[in-house]
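Notes to accompany the following structure.
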Amino acid sequence: MTQAEIKLCSLLLQEHFGEIVEKIGVHLIRTGSQPLRVIAHDTGTSLDQVKKALCVLVQHNLVSYQVHKRGVVEYEAQCSRVLRMLRYPRYIYTTKTLYSDTGELIVEELLLNGKLTMSAVVKKVADRLTETMEDGKTMDYAEVSNTFVRLADTHFVQRCPSVPTTENSDPGPPPPAPTLVINEKDMYLVPKLSLIGKGKRRRSSDEDAAGEPKAKRPKYTTDNKEPIPDDGIYWQANLDRFHQHFRDQAIVSAVANRMDQTSSEIVRTMLRMSEITTSSSAPFTQPLSSNELEFVGKSGDSGGGMYVINLHKALASLATATLESVVQERFGSRCARIFRLVLQKKHIEQKQVEDFAMIPAKEAKDMLYKMLSENFMSLQEIPKTPDHAPSRTFYLYTVNILSAARMLLHRCYKSIANLIERRQFETKENKRLLEKSQRVEAIIASMQATGAEEAQLQEIEEMITAPERQQLETLKRNVNKLDASEIQVDETIFLLESYIECTMKRQ
Amino acid sequence: MASRGGGRGRGRGQLTFNVEAVGIGKGDALPPPTLQPSPLFPPLEFRPVPLPSGEEGEYVLALKQELRGAMRQLPYFIRPAVPKRDVERYSDKYQMSGPIDNAIDWNPDWRRLPRELKIRVRKLQKERITILLPKRPPKTTEDKEETIQKLEKKEEEVTSEEDEEKEEEEEKEEEEEEEYDEEEHEEETDYIMSYFDNGEDFGGDSDDNMDEAIY
């Protein structure tokens with residue numbers, strides 16, 4: 001784990017879970033697998049705090065544990081999983097586009113809570129939907145369950161590994177920690193539940209109580225007193241499936257940009273048909289029969305021609321396009337021209353660069369060195385004589401896409417860390433002002449609820465002076481910009497990571 | 001790479017490779033040596049591309065900020081313990097500062113977690129005794145509570161089994177104590193906790209139109 005990644009993980013954990021969890025999480029990421037007492041000792045936090053933090057981390061699938069011999073349990077953190085937290089809004093938005101509000105809330109609840117049982121999810125989502133509906137209407141559990149089943153069928157949610165059920169009563173001491181197993185077949189198997197019920201509003205109690213059937217008694221506190229039918233079966237969001245979806249989207253839009261709309265539709269259909277049958281990291285999709293396209297290669301002749309989409313090539317060209325656009329935005333279009341030239345020619349000498357790119361020598365030299373110093377390009381030495389004398393060696397410029405992608409990815413992590421830090425700094429600077437405005441809003445809201453007059457409301461609003469209002473506006477604008485930039489950088493990270501992962505698998 | 005350690009043996013100003021090949025002509029002034037680290041915010045040569053706006057961008061942005069806020073409110077957000085103030089104040093009784101010392105707010109499925117992660121509440125009781133000195137010793141009330149709970153809460157969720165049954169029973173009771181602690185806490189104060197109003201969110205909870213004015 002690079003320093004930049006660790007820093008980013010630390011910021012993310014701190015923002016979402018607090019400082020204690022952050023300390024433990026970062027320590028685990030840095031040092032690898034460790035048992036409980038060592039963690040407490042090394043970080044200098046009390047044992048109880050460490051326990052709390054580990055509970056939270058395990059619940060959210062950020063830390064996994066393993067039982068070693070002599071009963072020692074070691075905990076290991078997944079750094080890449082922590083970095084996924086940046087992408088949560090994107091997952092939720094995607095579900096919204098595919099399965100509308102119900103699906104969106106299901107995935108949101110699963111992401112916020114780490115893992116949940118199906119009945120818990122359905123209940124929470126129904127409650128939330130009922131809140132937003134008009135008075136008198138409630139959300140039926142059946143609808144929510146249907147959406148949940150659809151999500152499971154398309155593999156967007158999956159079952160967590162569960163405790164193995166041991167039939168025999170173990171006479172000896174039970175293991176200190178359960179070893180969780182999951183059967184491939186069962187991963188998307190939805191348990192048969194008959195969830196009858198309707199969502200509940202938080203405040204109104206009487207009108208819903210009458211409509212509640214005997215199956216679920218209305219309870220506002222945690223209903224752990226009732227036996228839950230699907231006890232022990234927990235579900236989590238299947239991030240790999242989302243990534244597959246994003247990748248398909250990126251490919252389809254790339255094809256649409258290069259060629260026309262119809263070709264992109266064809267590619268989209270091919271991808272959709274192979275959604276579930278292909279695992280997320282396969283370099284080729286299952287062969288189907290369709291028309292010919294650029295990323296598509298022919299893989300056989302049965303059934304009128306079998307075609308595959310060359311996913312690796314598609315990802316490679318997406319990554320290359322990203323690199324090109326970064327060079328263009330950072331160094332200018334002339335540099336971009338040189339970059340594309342070197343990409344095309346693979347290896348090229350400095351003199352040739354000047355000739356082919358039609359750029360004056362001095363400028364070309366300057367730009368090449370700039371890109372070289374930023375590691376977008378590298379030099380390849382080809383000696384003419386066995387003693388590698390520098391005066392008799394060819395130096396060729398070349399672009400190694402994999403290493404350039406890695407370098408760019410590292411920069412992305414750094415830049416997101418900077419964005420988050422700056423946002424936190426801005427918020428901290430104006431903390432006093434923010435708190436004041438929140439208080440004023442609360443006062444206004446309560447006064448409106450109790451029917452105050454216009455004049456009084458006006459008076460309260462004037463508690464915030466005009467320059468302060470200005471300051472608040474600027475703050476809000478800046479924070480929004482920083483947030484939007486984070487989301488944007490995360491998209492780049494996704495592309496680069498997919499490309500690197502795909503290439504590594506091939507080797 | 002090729003230019004390091006240039007010409008120390010032969011004479012100054014001579015490099016091991018042919019300078020012309022790299023492109024520095026004879027007599028060209030080399031750029032001045034850099035004597036300090038590069039500036040922190042170098043001036044941007046080109047303006048950055050505008051951020052995506054439009055419905056999707058705005059929605060995802062709002063979602064992101066909402067998620068951030070929501071996660072802070074969830075029980076998974078562990079706040080560091082509030083440092084004890086120098087003098088014990090009367091209002092401390094009325095301020096429920098989050099989960100009682102070291103317990104967690106939410107109930108994970110203990111069957112899925114290693115046993116060692118469970119926080120024993122037994123320690124908690126001792127700490128409580130030291131902190132709340134002026135109050136009557138909670139021990140006597142605990143005994144009564146224990147017997148009542150033994151009878152009442154037999155169908156509590158089964159925790160992972162311990163070696164001795166006794167320990168298990170005691171642990172079960174302690175776990176229930178955890179839930180009961182709040183009520184005990186409440187009982188020891190003079191007033192019912194839920195009636196206490198901090199004053200910061202006055203009137204915010206009631207939906208009905210109250211006829212009397214609020215001051």
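Bear in mind the structure is a predicted one, so any value in this text is a computation, not a measurement. So you know, we letter chains A, B, ... as the sequences are listed, proteins then strands, and number each from 1.
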Distance-only check: which donor-acceptor pairs under 3.5 Å involve side-chain atoms of residues 16-23 of chain A, not counting sequence neighbours?
residue, atom, partner, partner atom, Å
A:His16, ND1, A:Leu12, O, 3.3
A:Glu22, OE2, A:Ser10, OG, 3.0

Checklist entry - Is it the backbone or the side chain of A:Glu15 that comes under 4.5 Å from a heavy atom of chain B, or both, or neither? => result both

Checklist outcome for this item: If one checks every heavy atom of B:Glu58 against chain A at 4.5 Å, the contacting part turns out to be neither

Checklist entry - Measuring heavy-atom distances to chain B, does A:Arg423 have an atom under 4.5 Å in its side chain, in its backbone, in both, or in neither? => result side chain

Checklist entry - Relative to each other, are the rings of B:Tyr76 and A:His60 parallel, tilted or perpendicular (30° and 60° limits)? => result perpendicular

Next on the checklist: Measuring from atom CD of B:Gln65 to atom CG of A:Asp483, what distance do you get when rounded to the nearest 0.5 angstrom?
Outcome noted: 4.5 Å

Checklist entry - How long is the span from the CD1 atom in A:Ile92 to the CD atom in B:Glu66, to the nearest 0.5 Å? => result 9.0 Å

Item to check | Whether over 12 other heavy atoms sit under 6.0 Å from A:Lys481 NZ | outcome: no

Next on the checklist: If we define contacts as heavy-atom pairs under 4.5 Å, which of A:Glu349, A:Lys351, A:Glu486 has the most with chain B?
Outcome noted: A:Glu486

Item to check | Separation between CG of B:Leu61 and CG of A:Asn480, rounded to the nearest 0.5 Å | outcome: 5.0 Å

Item to check | Heavy-atom pair of closest approach, residues B:Tyr59 and A:Glu104 | outcome: OH-OE2, 2.6 Å

Item to check | Max heavy-atom pair count under 4.5 Å with chain B, selected residue of A:Asn113, A:Leu36, A:Ile487 | outcome: A:Asn113

Checklist entry - Above 12 or not: heavy atoms from other molecules or residues under 6.0 Å from CZ of A:Arg90? => result yes

Checklist outcome for this item: When the 4.5 angstrom heavy-atom criterion is applied to A:Phe331 and chain B, the contacting part is backbone

Next on the checklist: Could you measure the distance from the CG atom of A:Leu111 to the CG atom of B:Leu67? Nearest 0.5 Å is fine.
Outcome noted: 8.0 Å

Checklist entry - chain B heavy atoms under 4.5 Å from A:Arg392: which part of the residue, side chain, backbone, both or neither? => result neither

Checklist entry - Is there side-chain contact between A:Thr97 and B:Glu56, with heavy atoms separated by less than 4.5 Å? => result no

Next on the checklist: Please classify the contact of A:Ala445 with chain B as side chain, backbone, both or neither, using a heavy-atom distance under 4.5 Å.
Outcome noted: neither

Item to check | Check against side chain to side chain contact (heavy atoms under 4.5 Å, CB included), B:Leu63 and A:Lys96 | outcome: CA-CA 11 Å; B:Leu63 199 52; A:Lys96 187 190 170 81; over 6 Å; no

Checklist outcome for this item: By side-chain hydrogen bond (donor to acceptor under 3.5 Å, both in side chains), A:Ser415 pairs with (sequence neighbours left out) none

